[in-house]
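Before any comments, here is the structure.
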Amino acid sequence: MVRIQRVKGTRDLLPEDMIKRRYVFERIREVFEAYGFKEILTPTFEYTKLFELRSGEEVVEQLYAFEDKGGRNLSLRPDLTSSVARLFVNGFQTAPKPIKWYYITNMFRYEEPQSGRLREFWQAGVELIGSSNIEADAEVIALLIESYLSTGLKEFTVNVGNRILLDEFAKMLGVKDDIGLMRLIDKKDKMKREEFVKALQEFGLNEEDINKVFTLIELKGKPDDVLPKARELFTSKIAKEELKKIEELFELLKAYGIEDYALIDFGIARGFDYYTSIVFEAIADNDLGIGSIGGGGRYDNLIEVFGGKPTPATGFAIGIERLIPILESKRLLPEFKIGSDVFVAYIGKELGIKKKAIEVTQMLRKAKIRAEYDIQGRKLSKALNYANSIGAKVVIILGKKDFAEGKVTIRDMESGEQVAVPIKKAVEEVKKML
RNA sequence: GCCGGGGUGGUGUAGCCUGGUUAGCACAGGGGACUGUGGAUCCCCUAGCCCGGGUUCAAAUCCCGGCCCCGGCCCCA
């Protein structure tokens, strides 16, 4: 007999995992809804073409791609942004703007698993479609920050960069392979300074250019410190306009009251696939080897790539498998009690007494008390033992004597105290003890 | 896709280097001692060498391949 294993890069989620996830999702959901975002869900799989249109044919390597029985080339969704854009194009182009949608669901990417990276993972994210105003960027960045705060996380920052400024920067240096340069800059934190310098030299940059790269990288921190230096570095008109937007962005973030968590980091690249302007990523200090815990940005070209009329959009996603371990390691999650509060044990094997045990259990359940009765039909000492092991606070004992008198014995599992009460009073009595 | 480390009952492990009894231990699980009182004790039971091939008289142990886990690279939409 061959034992079937879990598929590589997937997880079984047990009750103690689920309760934590549910808690975190609920906190995030409350904030999303407070901001007026409405929940949507698109299909788990799409035509592979959808993702190719966005990211090029090479992405198939990173997709869970397959052919179905009808010969359709499909892929499990690697994120929801493409699907949401597709949905928008298919039916919401004339809907009132902005459209504010959120989702909490699983994604699939065919990659080698490692710390904080699985082949199936969950994201909570939002998309804000139809506004090119900087207000839209501010709204989603503020929402991202408030989402983390709602889970109890405090030691994190959302670092804001800008794709246009990086393009301008590449132009200034006369670099054609701007994406290559950005990837290199993105890796700056993983390398020693000398290695980084060497890599930049190999990329074809002279000393002056390399100094400019370092100036760019050091453009990191609070806007009051960073923006004046940025204005010296960037001289083009386009760049000046973007800098003005970023200045306004941070003014708006102050109005949201969350500016302490937002920083500028012009070295952020974030993949580069379809981001067009403001990009951002959330970093939480941790010793688990986890980098970004979420991120997003503006994607003003994607909707027309999918055949819609040009429509600006921005959004973000939070990686749950990255966030939860960090919350756990910082002890920010509450203690959860899983399982029943009341265990109903009965003595004897007669049908009548079993039925009475079920009836009592049902009374408790109808009163919204988490209760179960001893399906195993254990002897009393084992039943108490079991009740103890599942953490039941109260055991209801139904014996022949009780049965004959129309009563049950209620035992407080912490103190060991017991009272015999008429069955009709049992629920009331138990409620007092919980 | 590439690199490094690993894989022994449900869980945690001993054994592996240096091949040789019936693969040991603990916890968990089921039953009993105990036909109305738990967190205890005792007894019994269940259950394992990731898969395949090779070397050998003999493989958990040595060799090769695969799968999976942990971590790193590429990539990270």
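These values consider heavy atoms only, across backbone and side chains, with no hydrogens, waters or symmetry-generated copies. Each chain gets a letter, A, B and so on, in the order its sequence line appears, and its residues count up from 1.
Remark: the separation of the C1' atoms in B:rU46 and B:rG10 is 11 Å, to the nearest Å. Between B:rC68 and B:rA28, the distance separating the two C1' atoms is 24 Å to the nearest Å. Comparing B:rC50 with B:rG24, their P atoms are spaced 16 Å from each other, to the whole Å. When the C1' atom is compared between B:rG12 and B:rG6, the two are found 16 Å apart, to the nearest whole Å. Here, B:rC34 and B:rC43 have their P atoms 16 Å apart, quoted to the whole Å. Distance check on atom P: B:rC2 versus B:rC45 gives 48 Å, rounded to whole Å. Of the C1' atoms belonging to B:rG15 and B:rG48, the separation is 13 Å, rounded to the nearest Å. Comparing the same atom, C1', in B:rC51 and in B:rG7 gives a spacing of 12 Å after rounding to whole Å.
Summarising the geometry, the separation between CD on A:Glu16 and P on B:rU11 is reported as 14 Å, rounded to the nearest angstrom. For A:Glu195 and B:rC73, the CD to P distance is 12 Å, given to the nearest whole Å. B:rU37 atom C1' lies 17 Å from atom OH of A:Tyr346, rounded to whole Å. Atom CG of A:Leu118 and atom P of B:rC70 are 7 Å apart (whole Å). Protein atom CD of A:Glu112 is 14 Å distant from nucleotide atom P of B:rG4, rounded to whole Å. Distance CD (A:Gln114) to C1' (B:rC2): 12 Å, rounded to an integer number of Å. Between the C1' atom of B:rA77 and the CG atom of A:Leu76 lies a distance of 15 Å, rounded to the nearest Å. Taking atom CZ on A:Arg117 and atom P on B:rA77, their separation rounds to 10 Å, with Å as the unit.
In this structure B:rA33 sits in a base pair with B:rU41, meeting the Watson-Crick or G-U test at under 3.5 Å. Figure legend. B:rU18 is base-paired to no nucleotide; pairs are counted as Watson-Crick or G-U wobble with both atom distances under 3.5 Å. Base pairing of B:rC76: no nucleotide in any strand meets the Watson-Crick or G-U wobble criterion (both distances under 3.5 Å). The partner of B:rG4, taking Watson-Crick or G-U wobble pairs whose two distances both stay under 3.5 Å, is B:rC70. Using Watson-Crick or G-U wobble geometry with both donor-acceptor distances under 3.5 Å, B:rG12 finds its partner in B:rC25.
When each of B:rA77, B:rU37, B:rC75 is scored by its nearest atom to the side-chain atoms of A:Tyr274, the top-ranked nucleotide is B:rA77.
Residue A:Leu302 holds its CG atom at 10.0 Å from OH of A:Tyr275, rounded to the nearest 0.5 Å. From A:Arg298, atom CZ reaches atom OH of A:Tyr274 across 13.5 Å, with rounding to the nearest 0.5 Å.
Side chain A:Asn385 to base B:rG38: no donor-acceptor pair is found below 3.5 Å.
In this view, A:Lys337 and A:Asp341 satisfy the salt bridge (charged side-chain N to carboxylate O under 4.0 Å, His left out) rule, not counting sequence neighbours. Remark: A:Lys97 pairs with no residue by the salt bridge (charged side-chain N to carboxylate O under 4.0 Å, His left out) rule, at least two apart or across chains. Applying the side-chain contact (heavy atoms from CB on, under 4.5 Å) criterion to A:Lys187, with sequence neighbours excluded, gives A:Met191. Considering only residues two or more places apart in sequence or on other chains, A:Tyr110 meets the ring-ring contact (aromatic ring centres under 6.0 Å, His included) condition with A:Tyr64. Considering only residues two or more places apart in sequence or on other chains, A:Arg109 meets the salt bridge (charged side-chain N to carboxylate O under 4.0 Å, His left out) condition with none of them.
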Can you tabulate the close N/O pairs, meaning under 3.5 Å, that link protein atoms to atoms of nucleotides 28-34 of chain B?
residue	atom	partner	partner atom	Å
B:rG30	OP1	A:Arg378	NH2	3.2
B:rA33	OP2	A:Lys379	NZ	3.0

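Within the 4.5 Å cutoff, side-chain heavy atoms of A:Trp101 are placed close to those of A:Val84. Put simply, the side chain of A:Ile293 does not reach to within 4.5 Å of the side chain of A:Ile318, judged on heavy atoms.
Contact annotation for A:Lys187: backbone-only contact, meaning every heavy-atom pair under 4.0 Å involves sugar-phosphate atoms and none involves a base. A:Leu63 comes within contact range of at least one nucleobase, with a heavy-atom separation under 4.0 Å.
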(request) Carefully, step by step, assess A:Ile129 and A:Phe92 under the rule side-chain contact (heavy atoms from CB on, under 4.5 Å). (result) CA-CA 10 Å; A:Ile129 303 171; A:Phe92 289 84; over 6 Å; no
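Under the 6.0 Å distance and 45° angle rule, A:Arg117 does not count as a cation-pi partner of A:Phe121.
Put simply, A:Thr81 has no side-chain N or O that comes within less than 4.0 Å of OP1 or OP2 on B:rA77.
Remark: the backbone N or O of A:Arg77 is not paired with any side-chain donor or acceptor of A:Ser75 at under 3.5 angstrom.
Both A:Val59 and A:Ile397 lie near RNA chain B, and the one whose nearest nucleotide falls closer to the 5' end is A:Ile397.
Within residues 291-316 of chain A, no residue places a heavy atom under 4.0 Å from RNA chain B. A heavy atom closer than 4.0 Å to some atom of RNA chain B occurs in A:Gln5, A:Lys8, A:Gly9, A:Arg11, these being the qualifying members of residues 5-15 of chain A. Within residues 416-434 of chain A, the residues having any heavy atom closer than 4.0 Å to RNA chain B are, in order of number, A:Gly416, A:Gln418.
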For a quick test of your reading: what N or O donor-acceptor pairs under 3.5 Å do the side chains of residues 412-420 of chain A make, sequence neighbours left out?
residue	atom	partner	partner atom	Å
A:Asp412	OD1	A:Glu414	N	2.8
A:Asp412	OD1	A:Ser415	N	3.1
A:Ser415	OG	A:Glu417	N	3.2
A:Gln418	OE1	A:Arg411	NH1	2.5

For residues 192-201 of chain A, dump all side-chain donor-acceptor pairs below 3.5 Å to protein atoms at least two apart in sequence or in another chain.
residue	atom	partner	partner atom	Å
A:Glu195	OE1	A:Lys192	N	3.0

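Listed by first and then second residue, the side-chain hydrogen bond (donor to acceptor under 3.5 Å, both in side chains) pairs that reach into residues 377-387 of chain A are A:Asp374-A:Arg378, sequence neighbours excluded.
Ring centers of A:Phe37 and A:Tyr102: at least 6.0 Å apart, outside the cut-off.
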